[in-house]
Amino acid sequence: MILARVVGTVVATRKDERLVSNKLLVARPVDPSGKADGNYLVAVDTVDAGFGETVLIVSGSSARMASGMKDCPVDAAIVGIVDTVEVQD
Amino acid sequence: MQLARVLGEVVATMKDANLTGLKLLVLQPLSASGEAAGRTLVALDSVGAGVGENVFFVRGREAAFPFYPGEPPADATIIGIVDHWSLT
């Protein structure tokens, strides 16, 4: 999984029918200190995350194991809202 | 599988129900010489690893298998604590 910050939302009227009523967010990966690191990605939100929050994103086929994502065409799902990251120096 | 060092812990209260009770650790992948190699990531822990330890982890769909029959939405899981490694 990767850490990322929610930086926006995606609105798409025409989309795969299995994505209907799922919230799509734009997220930017961050390192453990919170610094942006890497390219933006679109992820399905399964935990009601909001703008500016640091979240946990699961990628690849494992994203379909997120709640309610069975057999959906997704490769990135937000599965947790991060409270704290404690890193040893 | 890949070698990594455990850098820290992640705390998340709001999360997928299938992640409840599972430990989330921050990993730094390592090269064969023990240097940091690549981006950090967050992995589940199935072996009781702790901060500062060298471990190996599995990526992809297989990351959920250590928790069978549970099905946590995980794409990386620590599956071993490395005592030492050597290159011949």
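So that the names make sense, note that chain A is the first sequence line, chain B the second, and so on, each numbered from 1.
- Residue contact with chain A, scored on non-hydrogen atoms closer than 4.5 Å, involves the side chain of B:Arg39 exclusively.
- Heavy-atom distances place no part of B:Ala17 under 4.5 Å from chain A, backbone and side chain included.
- We find the CG-CD1 distance between B:Leu41 and A:Ile57 to be 13.5 Å, quoted to the nearest 0.5 Å.
- Linking Ile, Leu, Val, Met, Phe, Trp and Tyr whenever their side-chain heavy atoms come within less than 4.5 Å puts A:Val82 and A:Val30 in one cluster.
- The contact between B:Leu7 and chain A is made by backbone and side chain atoms together, counting heavy-atom distances below 4.5 Å.
- What you find for A:Ser61 and B:Arg61 is that their closest heavy atoms are OG-CB, 3.5 Å.
- Rounded to the nearest 0.5 angstrom, A:Ile2 CD1 and B:Thr40 OG1 are separated by 9.5 Å.
- Contact tally against chain B (heavy-atom pairs below 4.5 Å) for A:Asp48, A:Thr46, A:Thr54, A:Leu56: the top residue is A:Leu56.
- A single hydrophobic cluster is not seen to contain both B:Met14 and A:Phe51; linkage of ILVMFWY side chains at heavy-atom distances under 4.5 Å, directly or through other members, places them apart.
- Under a hydrophobic-cluster definition in which Ile, Leu, Val, Met, Phe, Trp and Tyr are linked whenever side-chain heavy atoms come within less than 4.5 Å, directly or via other members, B:Leu3 and B:Val47 are assigned to different clusters.
- Here the side chain of A:Ser67 pairs no donor or acceptor atom with the backbone of B:Asp16 at under 3.5 angstrom.
- Looking at B:Val10, B:Thr77, B:Leu44 one by one, the single match for side-chain contact (heavy atoms from CB on, under 4.5 Å) with A:Met1 turns out to be B:Leu44.
- B:Ile79 and B:Ile81 fall into different hydrophobic clusters, where Ile, Leu, Val, Met, Phe, Trp and Tyr residues are linked whenever their side-chain heavy atoms come under 4.5 Å apart, directly or through other members.
- Taking 4.5 Å as the limit, every side-chain heavy atom of A:Ile81 sits out of range of all side-chain heavy atoms of B:Thr13.
- Going from atom CD of B:Glu71 over to atom CE of A:Met65 covers 5.0 Å, rounded to the nearest 0.5 Å.
- By the criterion of side-chain heavy atoms lying less than 4.5 angstrom apart, applied directly or through intervening Ile, Leu, Val, Met, Phe, Trp or Tyr residues, A:Val10 is not grouped with A:Val79; the two fall into different hydrophobic clusters.
- Looking only at heavy-atom pairs under 4.5 Å with chain B, the residue among A:Val55, A:Asp37, A:Val87 that has the most is A:Asp37.
- No side-chain donor-acceptor contact under 3.5 Å links B:Asp75 to the backbone of A:Ser62.
- The residue among A:Pro29, A:Ala49, A:Pro32, A:Gly60 with the most heavy atom pairs within less than 4.5 Å of chain B is A:Pro32.
- Taken to the nearest 0.5 Å, the NZ atom of B:Lys15 stands 8.5 Å off from the CG atom of A:Asp83.
- Residues A:Leu3 and B:Val42 have side chains in contact (heavy-atom distance under 4.5 Å, counting atoms from C-beta outward).
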Begin from the C-alpha positions of A:Val85 and B:Val26 and carry the test side-chain contact (heavy atoms from CB on, under 4.5 Å) through to its verdict. CA-CA 8 Å; A:Val85 181; B:Val26 180; 3.9 Å; yes

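- Contact annotation: the side chain of B:Val51 approaches that of A:Gln88 to within less than 4.5 Å [non-hydrogen atoms, C-beta and beyond].
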